[in-house]
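I have placed the structure first, in the form of structure tokens, so that the comments after it can refer back to it.
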2 protein chains.
Amino acid sequence: MNRDEVRITKFKHPYVTVDCVVFGFDEGDLKIILIQRANAPFKNKWALPGGFVRLNESLEQAAIRELKEETGIKDVFLEQLYTFGRVGRDPRTRVITVAYYALVNRTGHLITAATDAKTADWFLVKQLPMLAFDHQTIIDTALTRLRGKVRYEPIGFELLPEKFTLSRLQHLYEVILERNLDKRNFRKKILSMKLLIALNEREKDVAHRAAQLYKFDAQKYKELKRRGFNFEI
Amino acid sequence: MNRDEVRITKFKHPYVTVDCVVFGFDEGDLKIILIQRANAPFKNKWALPGGFVRLNESLEQAAIRELKEETGIKDVFLEQLYTFGRVGRDPRTRVITVAYYALVNRTGHLITAATDAKTADWFLVKQLPMLAFDHQTIIDTALTRLRGKVRYEPIGFELLPEKFTLSRLQHLYEVILERNLDKRNFRKKILSMKLLIALNEREKDVAHRAAQLYKFDAQKYKELKRRGFNFEI
DNA sequence: TCAAAAGTGTTCTTGATACACCCATGC
DNA sequence: GCATGGGTGTATCAAGAACACTTTTGA
């Protein structure tokens with residue numbers, strides 16, 4: 001069955017879905033959003049937000065739409081992860097899923113009630129329930145990608161609120177990379193890139209010296225990258 | 001249209017193909033395989049080898065099968081690249097394609113006549129003809145991936161014959177990365193990893209001093225990687 | 001004997017790592 | 001005044017970059 005030989009009128013072909021692994025960083029922990037399924041198969045099991053791709057929308061549009069419909073989340077970092085197509089991964093019929101991962105800063109994105117009354121909630125990445133389909137595999141793949149990518153692209157900032165402290169940023173990296181970083185070396189490295197803007201503001205309501213707040217200079221990064229600069233932690 | 005709500009019996013859904021970007025390194029140049037289309041759309045235009053995914057095969061199996069059917073190539077490095085799903089990328093109907101890229105050493109993989117008499121041939125990556133569908137975009141994506149990956153995974157060896165000289169290896173990197181490398185530093189770096197086995201053999205039939213032949217120690221790399229070693233050029 | 005590529009070390013510069021104490025603030 | 005995290009500098013070590021000449025071989 002080569003592309004050229006086939007007359008496309010009707011022949012049985014796989015269904016296509018998108019699924020989203022939505023990462024958040026809250027209370028110092030890495031979390032993801034899961035949806036509780038209302039119907040068979042895997043009724044009442046937890047699963048990734050996602051659904052079928054429509055004929056008139058791109059894959060990314062489908063991911064954005066499903067994310068909004070099922071979790072209320074919009075305007076976030078979203079990137080294609082991998083496409084999973086094992087025969088039998090869906091017990092109903094042949095379904096290929098194009099997985100995406102998203103990074104959100106949780107304060108800006110509280111989950112709204114999903115349109116169809118399904119339950120959506122945040123789970124600690126380290127304490128996930130049993131998942132529907134091959135969604136655990138998808139999450140494992142997303143975690144590997146996140147850990148790899150966070151080191152050479154400034155995507156960590158997507159998980160933080162606009163204004164953050166250096167300690168918070170360091171802690172984010174420590175949680176994702178699962179190892180401790182030296183405070184002085186981390187600050188030296190990150191500040192030497194000149195990609196953080198020190199604000200005229202400090203932390204509030206903390207029971208210790210209030211830390212300097214920074215924001216990430218996305219504009220400057222874009223410009224530096226264009227000129228061959230490589231972000232690296 | 002959420003996964004839960006849909007009753008999967010029949011509803012119109014996208015078609016799914018796989019396409020393969022097959023890289024080869026020959027006569028000091030980076031090349032890829034293209035197939036000349038025998039039918040509409042894009043009749044007589046060049047395109048990537050590929051075709052429709054069957055219901056009873058995984059995505060990777062489909063890629064392997066199409067590669068063999070259309071080019072005769074088998075048993076090569078193959079990795080999923082990206083999934084392209086723009087609406088309108090195929091003028092006939094909605095088709096989503098899962099792209100793979102392959103690395104072959106050309107001496108071991110001469111193209112056989114394709115099963116269906118379509119023409120397959122190697123093209124210089126730097127001199128490609130007009131391509132069907134969005135295949136130029138797919139190739140650009142594959143090149144970016146190859147350039148990125150070759151630096152931190154030992155995949156370059158997949159493009160060379162089993163036995164090769166250090167100069168040949170260096171030249172491969174220079175062609176892929178599009179910059180010159182210092183001979184002494186390159187040799188120092190690559191040999192310091194202790195991943196090359198010096199053979200009791202030298203080049204033959206060259207009009208100059210015959211160079212030492214090496215082979216890549218895949219077994220040792222696997223072991224080192226397991227213990228946290230990172231390949232890097 | 002000439003052309004062509006193989007092969008080989010050292011110096012310098014830069015970035016990574018290791019490491020400990022004082023400071024500001026709220027309670 | 002004490003507990004808590006904020007904030008800072010230096011010395012050592014390792015890796016990367018720059019750089020030129022001799023050797024071997026076939027034609």
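Source: prediction; values computed, not measured. Just so we're on the same page: letters track the sequence lines, and every chain starts at 1.
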If I take atom NZ in residue K189(A) and atom P in nucleotide dG15(C), what distance separates them, rounded to the nearest angstrom?
10 Å
The ring pair (Phe, Tyr, Trp, His ring centres under 6.0 Å) partner of W46(B) among F133(B), F123(B), W122(B) is F123(B)
Applying ring pair (Phe, Tyr, Trp, His ring centres under 6.0 Å) to F231(A) and not counting sequence neighbours gives none
K45(B) NZ: over 12 foreign heavy atoms closer than 6.0 Å:
no
Could you check how far CG of L169(B) sits from P of dG7(C), rounded to whole Å?
13 Å
Using chain B heavy atoms and a threshold of under 4.0 Å, write down where along DNA chain D the contacts begin and end, 5' to 3'.
dG16(D) to dG26(D)
Shortest non-hydrogen pair, V150(A) vs Y173(A), comes out as O-CE2, 3.5 Å
Within the pair S167(B) and dA6(C), is there a side-chain N or O less than 4.0 Å away from OP1 or OP2?
yes
Using residues 223-230 of chain A as the side-chain source, report each donor-acceptor pair under 3.5 Å to any protein atom, sequence neighbours left out, with the distance given to one decimal.
unit_1: E223(A); atom_1: OE1; unit_2: R226(A); atom_2: NE; d: 3.3
unit_1: E223(A); atom_1: OE1; unit_2: R226(A); atom_2: NH2; d: 3.4
unit_1: E223(A); atom_1: OE2; unit_2: R226(A); atom_2: NH2; d: 2.9
unit_1: E223(A); atom_1: OE2; unit_2: R227(A); atom_2: NE; d: 3.2

Please enumerate all residues that pass side chain to side chain contact (heavy atoms under 4.5 Å, CB included) together with A207(A), with sequence neighbours excluded.
none
Name the nucleic acid region contacted by E203(A), choosing base, sugar-phosphate or nothing; use a 4.0 angstrom heavy-atom cut-off, strictly under.
nothing
Sequence neighbours left out, cut at 3.5 Å: what donor-acceptor pairs do the side chains of residues 21-29 of chain B make with other protein atoms?
unit_1: D26(B); atom_1: OD2; unit_2: R106(B); atom_2: NH1; d: 3.0

Tell me: CG of L166(B) to C1' of dT8(C), nearest whole Å?
12 Å
ring-ring contact (aromatic ring centres under 6.0 Å, His included) evaluation trace for F216(A) with Y214(A):
CA-CA 7 Å; F216(A) 176 65; Y214(A) 293 86; over 10 Å; no
Protein heavy-atom contacts under 4.0 Å, written 5' to 3' over nucleotides 17-27 of chain C as B (base), S (sugar-phosphate only) or - (none), form the string BBBB--BBBS-
